[in-house]
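So the structure is just underneath, and the comments pick up after that.
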Number of protein chains: 2
Amino acid sequence: MPKLGMEPIRKAALVKATIVEIGRVGSLDVTVSQIAKRAGMSSALAHHYFGSKEEMFLAAMRHILTLYGAEVRGALVLVEGPESRLRAVLAASFSAANFRREAVGAWLNFWVLAQTVPEAKRLLKVYQGRLRSNLLAGLRPLAGDRAEALADGLGALIDGLYLREVLKSGPPDGAAAIATALNYLNSQLEGARP
Amino acid sequence: MPKLGMEPIRKAALVKATIVEIGRVGSLDVTVSQIAKRAGMSSALAHHYFGSKEEMFLAAMRHILTLYGAEVRGALVLVEGPESRLRAVLAASFSAANFRREAVGAWLNFWVLAQTVPEAKRLLKVYQGRLRSNLLAGLRPLAGDRAEALADGLGALIDGLYLREVLKSGPPDGAAAIATALNYLNSQLEGARP
DNA sequence: TTTTTTGTTGATTGACGAGTCAATAAACTT
DNA sequence: AAGTTTATTGACTCGTCAATCAACAAAAAA
């Protein structure tokens, strides 16, 4: 039965299952067996490919970060001017793909993981850095030297909107989140406009 | 050796130890033994007083919420006018007592707990509701019907600033957080002022 | 065709941890 | 003085789970 070249397929299935299970259970207290079962294999095989549960978590984080990064990059290619750039970053952050209960729940738990596992912390800092520099690129032409402060505020606001999504009942509302962030932006930029 | 009337003392010690341990370990994966040891008693006694680990967590949450609520209420008594009210709420949120690594770490983990444990979710919603209505009281005279949207944005920003504190290295900087929040407020209110 | 590499799992190990219990002791009540 | 309530713990039970291992199967290489 064993077909060759299974490794990438199995790994991808495990990564996906890890995110789903963390989102479903709502914590990092998921067992390797649960994950493996959802991915359609034995827990032994999961260990065979990843070595440890922690490695699975990190791979899942990298995957989410990669998806998010790709979405932002994709949105940025067809962008003209700083306002449109900022809007694109926001749209990607709150897109249906990223801003869904399961991913948001996983995200929150990765934040917890970052308190313990240095590599997780590193990854999250990479995300923060990328977000920051993306915002900065859009903000500098519009706000000059206030750009740094604005980027920090807007970054925190975005993270906060994610956090609050966790507690909400009902389906996620990316549009509302974008509206809140744009509202922040507009009012900050109005004062500074020549 | 047993003196009477230990219950409240023991419970308080356990609650405190729970927060410290969660903050120290950085996750909810703390054992009852760890907590009990830090509180200077056996794990059996911890179970005797609280029944379960979950009850300990919830008691710790209630305690943090109580402290926060008390601090806000205390700051609000000597307040005159809506601006000063808003400033007081912010000052309490980022006071040295609340905005310290240990409490922030515990806070983050309570957010995770809220995904699983309904009572934890309820408590967090109580906090959100209180924060919201406090902000609203200050915002309505200043922003009219934009107050609701502003309160939601500001609430998310505050939570986001807490979240980001978790990743930062170095000592917490409440003043910077307050500055960011005030900056948000001022720019939002400038546009609306008569 | 033998050997090696890759895929796969059931069973097992070993550790750890939540919650219970029986036992001990001091203080309060009657 | 006898009985009750409160405080306290060491030892134990029972379950769970990460990680390992031995064994088996199929494809590829030799």
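The chains referred to below are lettered A, B, ... by the order of the sequence lines, with proteins before strands, and numbering in each begins at 1.
Computed from coordinates, the A:K53 NZ to C:dA15 C1' distance equals 14 Å when rounded to whole Å. B:D29 places its CG atom 13 Å from the C1' atom of D:dA18, with the value rounded to the nearest Å. The interatomic distance linking B:F57 (CZ) with C:dG17 (P) rounds to 13 Å, in whole Å. Atom CD of A:E7 and atom P of D:dA26 are 21 Å apart (whole Å). Rounded to whole Å, the distance from CG on A:L4 to C1' on D:dA29 is 12 Å. Regarding B:H47, its NE2 atom lies at a distance of 18 Å from the P atom of D:dC12, rounded to whole Å. One can place NZ of A:K37 at 18 Å from C1' of C:dT8, the figure rounded to the nearest angstrom. Rounded to a whole Å, the CG atom of B:L45 is 14 Å from the C1' atom of C:dG19.
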Where do A:E148 and A:R140 land on the salt bridge (charged side-chain N to carboxylate O under 4.0 Å, His left out) test, with the steps shown first? CA-CA 8 Å; A:E148 311 253 330; A:R140 246 196 282 264; 3.2 Å; yes
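B:Y49 comes within 4.0 angstrom of sugar-phosphate atoms only, judged by non-hydrogen atoms across all strands, and of no base. Nucleic acid contact class of A:S52 (heavy atoms, under 4.0 Å, all strands): sugar-phosphate only.
The line from CD1 of B:I178 to CG of B:L185 is 11.5 Å long, rounded to the nearest 0.5 Å.
Where A:A44 and A:T31 meet DNA chain D, the nucleotide closest to each residue was compared, and A:T31 sits on the side nearer the 5' end. The 5' end of DNA chain C is approached more closely, in terms of each residue's nearest nucleotide, by A:H48 than by the other of A:H48 and A:S43.
A 6.0 Å sphere centred on NE2 of B:H47 holds more than 12 heavy atoms belonging to other residues, nucleotides or ligands. Atom CD of B:E54 has 12 or fewer heavy atoms from other residues, nucleotides or ligands within 6.0 Å.
Between C:dT6 and A:R10, no contact under 4.0 Å exists linking OP1 or OP2 to a side-chain N or O.
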